[in-house]
Amino acid sequence: MPDYPTRTARLLSRIHELGAISEDATGATVTRTFGTPAFLKGRDLVQGWFEAAGLETRLDGIGNLRGRLRSQRPGAKTFVLASHIDTVVNAGKYDGPLGVLMGLDLVESIIQQRLELPFNLELIAFSDEEGVRFHTTYLGSKVVTGAFEPALLQKTDANGITLAQAIAEMGGNAATLAADALPPAEWLGYFELHIEQGPVLWESGVPVALVTDIAGQQRVELTWLGMAGHAGTVPMDMRQDALAAAAEFVLATEAFALRHGHGLVATVGQLRLVHAASNIIPGQVVHSLDLRSPDADQLAAAYTDLQAQAEAIAARRGVGLTWQLVQATAPVQCDHELNRLLGQAIAASGYEVDGLVSGAGHDAVPASAVAPATMAFIRCYKGISHNPLENVEAADVAAALEVAERFLLELKNAHE
Ligand code: HGY
Ligand code: MN
Ligand code: MN
């Protein structure tokens, strides 16, 4: 009987070793965004583990770490196990790395058991899922799935560095991105293990669940252009205060989403005053809007409605508004056949089979465009994520490992 608790202890010690690498030199917070020295140091550590496991390892043009376990079967297709190793700012240690390191454990177990698979296994640590630095998510998985748009190379970060420059500086190669894609005909499927990042499993006490759908998302950048002025001299009824306009929109957005119950979520996570000072009436404010729903029609209707509300606020306040869609991904349904096998593995491990909708986006979204894709969620502490309080219980990780290993064996049997 595989010793899941021991394997879990080792992968969690790796999580903590990786989690100690951060852009924050004090180590007080975990931040490893695309292409930074901390990101590269963390990737080097994971690459060492891939190589020690015996995986054929390489870095592709966008900086994904790719480990391959070849099948002896001629013409075998490739099944991808993956997640990401980039993080948000002030992140937890598990969002992304847990899926990569659980995948590595599964591959190590296959190698140690000398299991011959009828398909190649490719384990991937994606270099940018969160999109923190360039405000476009899935850069790594877009390359592997052939969905990378070359125009993205001109995107700039907060310091004006283009993605093309960042790739070159990290030792990547923008010229190989198209060739780095796994050809559509080669894909057998995609599976990602990830913390739930929500409260359902925490509340139910169930350690692992399959994912039925992944919500669609739209990310917008709004710029409010008012009139900067002297805070002491301009009467209140003569102002074109860009921040007051933005604030009215933020509260209107919250009220709108609250009226839609759990089907729709809307978040303003970033807001910046241009030329800010306490004695200047804000003249220019730039902020984000993150809209999500598993229902494509609801997402589209919310987008249209909120844009109209923003324009009405701008008109009433005599403030200019630019509304720029930065990124849009449609809702995704996970593959039914993979979920049938995954459900069997969950039941065989002695757990009730739950199916969850993911409000968070994942690399399974681009993967689902080229291959059957699904995910398994692991119970996490109070559902907290994108927060240093992110945590898991070893017993839940061990349970998810057992389920994932059964799932891979079911997949093996299904393709013998
Ligand atoms: O924002 C998300 O859904 C994910 O964390 N990238
Ligand atoms: Mn993630
Ligand atoms: Mn995340």
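In listed order, ligands and their atoms are each counted from 1. Side chains included, hydrogens not; waters and symmetry mates left out as well; all remaining heavy atoms used.
- In this structure, the separation between OG1 on Thr137 and CG on Asp128 is 8.0 Å, given to the nearest 0.5 Å.
- Relative ring orientation between His415 and Phe119 is described as perpendicular, the plane-to-plane angle rising above 60° on a 0-90° scale split at 30° and 60°.
- Between Phe407 and Phe191, the ring-plane angle classifies as tilted under the 30° and 60° cut-offs.
- With rounding to the nearest 0.5 angstrom, the CG atom of Leu356 is 8.0 Å from the OG atom of Ser204.
- Note: Tyr303 and Trp323 have perpendicular aromatic rings, judged against thresholds of 30 and 60 degrees for the angle between ring planes.
- A parallel orientation is assigned to the rings of Tyr190 and Phe126, their planes being inclined by less than 30° (bins at 30° and 60°).
- Within a radius of less than 2.8 Å around the Mn ion (ligand 2), the protein N, O or S atoms are His84 NE2, Asp95 OD1, His194 NE2.
- Nearest N/O/S atom of His386 relative to the Mn ion (ligand 3): this is NE2.
- Within 6.0 Å of atom NE2 in His275, 12 or fewer heavy atoms from other residues, nucleotides or ligands are found, so the atom counts as exposed in its surroundings.
- The side-chain hydrogen bond (donor to acceptor under 3.5 Å, both in side chains) search around Ser127 returns Asn64, not counting sequence neighbours.
- Using a 4.0 Å cut-off between a side-chain N of Lys or Arg and a carboxylate O of Asp or Glu, Glu17 and Lys41 do not qualify as a salt bridge.
- Take Glu352 and apply the salt bridge (Lys or Arg N to Asp or Glu O under 4.0 Å) test, not counting sequence neighbours, and it matches no residue.
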Using a 3.5 Å cut-off on N/O to N/O, what pairs does ligand 1 make with the protein? A line per pair would be great.
residue, atom, partner, partner atom, Å
ligand 1, 1 (O), Arg219, NH2, 3.0
ligand 1, 1 (O), Arg292, NH2, 2.8
ligand 1, 3 (O), Arg292, NH1, 2.6
ligand 1, 3 (O), Arg292, NH2, 3.3
ligand 1, 3 (O), Gly361, N, 2.6
ligand 1, 5 (O), Glu130, OE1, 3.0
ligand 1, 5 (O), His386, NE2, 3.1
ligand 1, 6 (N), Glu129, OE1, 3.0
ligand 1, 6 (N), Glu129, OE2, 2.8
ligand 1, 6 (N), Glu130, OE1, 3.1

